[in-house]
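Worksheet: the structure to be examined is printed underneath.
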Protein chains: 2
Amino acid sequence: MLPVEEARARIIAALTPTAAETVTLAEGAGRVLARPVAARLTQPPADVSAMDGYAVRAADAVEGASLALIGAAPAGRPFEGTVGSGQAVRIFTGGFVPDGADAILLQEDATASGGSVRVNETVKAGRHIRRRGLDFSEGSEVLPAGRKLTARDIGLAAAANNPWLAVHRRPRIGILATGDEIALPGDPIPPGGIVSSNAHALAALVRVSGGDPVVLPIAPDDTAAIAEVAATAHAFDMLVTTGGASVGEHDLIQSALGGEGFELGFWKIAMRPGKPLIWGRLGRTPVLGLPGNPVSALVCAVVFLIPALGKLSGLPGAPAPTRRVISGVALVENDKRADHLRAILAVDAAGRMVATPAATQDSSMLATLARADALVLRAPYAPAVEAGAEVEAILLGELGV
Amino acid sequence: MLPVEEARARIIAALTPTAAETVTLAEGAGRVLARPVAARLTQPPADVSAMDGYAVRAADAVEGASLALIGAAPAGRPFEGTVGSGQAVRIFTGGFVPDGADAILLQEDATASGGSVRVNETVKAGRHIRRRGLDFSEGSEVLPAGRKLTARDIGLAAAANNPWLAVHRRPRIGILATGDEIALPGDPIPPGGIVSSNAHALAALVRVSGGDPVVLPIAPDDTAAIAEVAATAHAFDMLVTTGGASVGEHDLIQSALGGEGFELGFWKIAMRPGKPLIWGRLGRTPVLGLPGNPVSALVCAVVFLIPALGKLSGLPGAPAPTRRVISGVALVENDKRADHLRAILAVDAAGRMVATPAATQDSSMLATLARADALVLRAPYAPAVEAGAEVEAILLGELGV
């Protein structure tokens, strides 16, 4: 059985990011830049006022002085003249500082009457002026390639005058649920069967993680049916299967895929839930075979599929970030499989995050997984710990899943 | 000037959630349930095996015994007969436990040969059996109204046989940027003008926060132009304006909106960046007037718009969660305005999160905001603190913005 970290590293190493596409600025949020964004202008484009007040010469603007008001410079309408000795120009935040002026007299430090303004507080040269290029300069890189764009980044790209962005294509992920016993929600359920939950849960996870999911029709446990789907795998950046990965069933998937030139990477991971997992390649298309058990499938998706989607999207493919939290209960010594305990988070009186694993960690309990806020990580052979000890956990809310 | 908390509370109190709509399960992730989801079946539907092995009578399955193999019960194909004394049925994970059997003999504890199986380890009654209804029972609520659905919840709703979900409509948010001096990216820039970044940054923020943004054409600083847009406000669940909120400009927005029956709530908040903010109502439509300054607009959006979108979407409208982090630098005593310092996060050797505010907190610096990971919160009159002190911060990554 392969350790989790090694399995993940092999998956990430085998994947390459999708090619670039051009999208509008409005479509860019959440996408990963394939090329850097450069500033196409300098911001601010000139020295501008940081406050509402009067553009003055600092040498004149001493307490008690009276200055002649010769014009106004609101944002967007620069004053065309020059501020001479003994003169002032009304200015507003963002207004260009007129030629001749070298300081801003705040409006709360001035009294305007008729055509003049009285200085109530001596100003300092350079005060309340934002220098040209304070935010960014034309030609400089404002956003690097590989960055996953936030709403703030979209604002920055816009301010730097970029209506278009080059981003990695969303990886298109085929999702294939297999099994004679499963039916889609609302469809007739075969005797002894269950309702298929994996495909749509995985589709939601793929979408929130930056991918473009394609849910394929359920394939029965039948070599020909699975091979038929496998023959279309070239349409996807990755094919994710669920079911057919456990002992015995493993042969089914492998023999079904074999006809299409399936190359097995590995298929057993030292983890719980989720031991049976298939990793391989069908022609050019990477294949991730998740367990059929819904809890195992989703935990494996957090551990392997989300980093894989990251790598395909142009990110490093790092594992989910972990945080140190306090265990709300004592934990027994772990066995050889890395465990992922479904846990509820709370904040204690000292402001620390406390994770309390559900008492029953049965991998069939989807309701427990849905209610969980975190997966508490227990490394292979991790020693027993007391309640109150620090443990590492993946916060599911941070992943958006 | 109104305190931040009071302003936010007044905004949240004035908003009501959108009505419900029916969406497919596949569209449900990220939406907020308007009605609870009930289980339409019991899961597991019968007692099932938790492992691969043999369904046996515990009384017979003592070490050394040999049991007659009378059939198989894979998942989805229940064994129709009864396990009698001295008999066993091959069973796989998820297979229904046949009548007569009361325990599972693990396959690793058994040796099968021909038509019989030898017990190598005595089994206990009830072992490795998942009881009917362990996950959920028909008629029980599996997901409550008001829950924002995760990928895991979609799996649970599917497993409980729900192809449709009743969720709150995505609030439709009109976004209006005003100003003579602004141009859209790629459009000609007027002399002394700047490129408009707020509308598309806010649209991205609205989308990631569960809303449906409609970016309106830029309105010049002109009462008639703004009034024309205002007359269409009834189409939106909220109208967000940006620009025209500062001293002087305030009159413009207010007089422009006044003709349409604008009712002002409040317009000055004791916060930095972002003091000028308009809150009111245009007929039935709530109006949030954000500052024109991009950094102020986005910080105000984090503080007020995201909770407002939450409330409109059917959530409580809670403020962004804060975390206690370590300040990487000494912070001076704060003045009367709640401050939101743009900061970079790092993790120190002890695993603690350290937030280091940018040295220059000028509200014109969009690049600094884009690079920030967190907003360090400084309450009005917060005392000076040393580097290494605990402070509260909003982690922008957690908000997805």
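Each chain gets a letter, A, B and so on, in the order its sequence line appears, and its residues count up from 1.
- Proximity to chain A (any heavy atom under 4.5 Å) is restricted, for B:Leu41, to the side chain, taken from C-beta onward.
- In this structure, CD1 on A:Ile194 lies 11.0 Å from CG on B:Asn161, to the nearest 0.5 angstrom.
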**Asked** Where do B:Glu398 and A:Glu398 land on the side-chain contact (heavy atoms from CB on, under 4.5 Å) test, with the steps shown first?
**Response** CA-CA 6 Å; B:Glu398 288 191 3; A:Glu398 287 188 6; 3.5 Å; yes
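- Proximity to chain B (any heavy atom under 4.5 Å) is shown, for A:Leu399, by neither the backbone nor the side chain.
- Of the atoms belonging to A:Leu298, it is side-chain heavy atoms, and not backbone ones, that fall under 4.5 Å from chain B.
- Residue contact with chain A, scored on non-hydrogen atoms closer than 4.5 Å, is absent for B:Ala203.
- The line from CD of A:Glu181 to CZ of B:Phe96 is 10.0 Å long, rounded to the nearest 0.5 Å.
- If you tally non-hydrogen atom pairs under 4.5 Å between each of A:Leu396, A:Val208, A:Asp153 and chain B, the highest count goes to A:Leu396.
- Ranked by heavy-atom pairs under 4.5 Å with chain B, the list A:Pro294, A:Ala157, A:Ala350, A:Ala50 is led by A:Ala350.
- B:Pro191 touches chain A through its backbone: at least one of N, CA, C or O sits under 4.5 Å from a heavy atom, while the side chain does not.
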**Request:** Go through the steps for B:Ser197 and A:Leu156 under the test side-chain contact (heavy atoms from CB on, under 4.5 Å), then give the verdict.
**Result:** CA-CA 7 Å; B:Ser197 63; A:Leu156 181 56; over 6 Å; no
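- For A:Thr93, no part lies under 4.5 angstrom from a heavy atom of chain B.
- Looking at A:Arg40, there are no atoms closer than 4.5 Å to chain B (heavy atoms on both sides), in backbone or side chain.
- Put simply, of B:Ala297, B:Gly351, B:Gly193, the one with the most heavy-atom pairs under 4.5 Å next to chain A is B:Gly351.
- Between the A:Arg152 side chain and the B:Leu366 main chain, no donor and acceptor come within less than 3.5 Å of each other.
- Between chain A and the residues B:Leu134, B:Asp135, B:Ile154, B:Asp180, the most heavy-atom pairs under 4.5 angstrom are made by B:Asp135.
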**Asked** Going through the checks in order, is the salt bridge (charged side-chain N to carboxylate O under 4.0 Å, His left out) test met by B:Glu390 and A:Arg352?
**Response** CA-CA 12 Å; B:Glu390 274 201 345; A:Arg352 304 176 308 173; over 6 Å; no
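- The CZ atom of A:Arg324 lies 12.0 Å from the CE atom of B:Met353; values are rounded to the nearest 0.5 Å.
- Note that CZ of B:Arg147 and CZ of A:Arg371 are 9.0 Å apart. Values are rounded to the nearest 0.5 Å.
- Of the listed residues (B:Ala29, B:Ala159, B:Ala39), the greatest number of heavy-atom pairs within a distance under 4.5 Å of chain A belongs to B:Ala159.
- Note: A:Pro185 leads A:Ala204, A:Pro213, A:Pro185, A:Ala201 in heavy-atom pairs under 4.5 Å with chain B.
- Contact annotation for B:Leu395: only side-chain heavy atoms (C-beta onward) come within less than 4.5 Å of a heavy atom of chain A.
- Chosen from B:Gly179, B:Ser364, B:Pro190, B:Ala158, the residue pairing most often with chain A at heavy-atom distances under 4.5 Å is B:Ser364.
- Ranked by non-hydrogen atom pairs under 4.5 Å with chain B, the options A:Val142, A:Leu202, A:Leu25, A:Asp362 are led by A:Asp362.
- Contact annotation for B:Ala372: both backbone and side-chain heavy atoms come within less than 4.5 Å of a heavy atom of chain A.
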**Request:** With side-chain contact (heavy atoms from CB on, under 4.5 Å) as the test, would you mind laying out the steps for B:Arg130 and A:Met365 before giving the verdict?
**Result:** CA-CA 10 Å; B:Arg130 290 178 179 144; A:Met365 294 170 78; over 6 Å; no
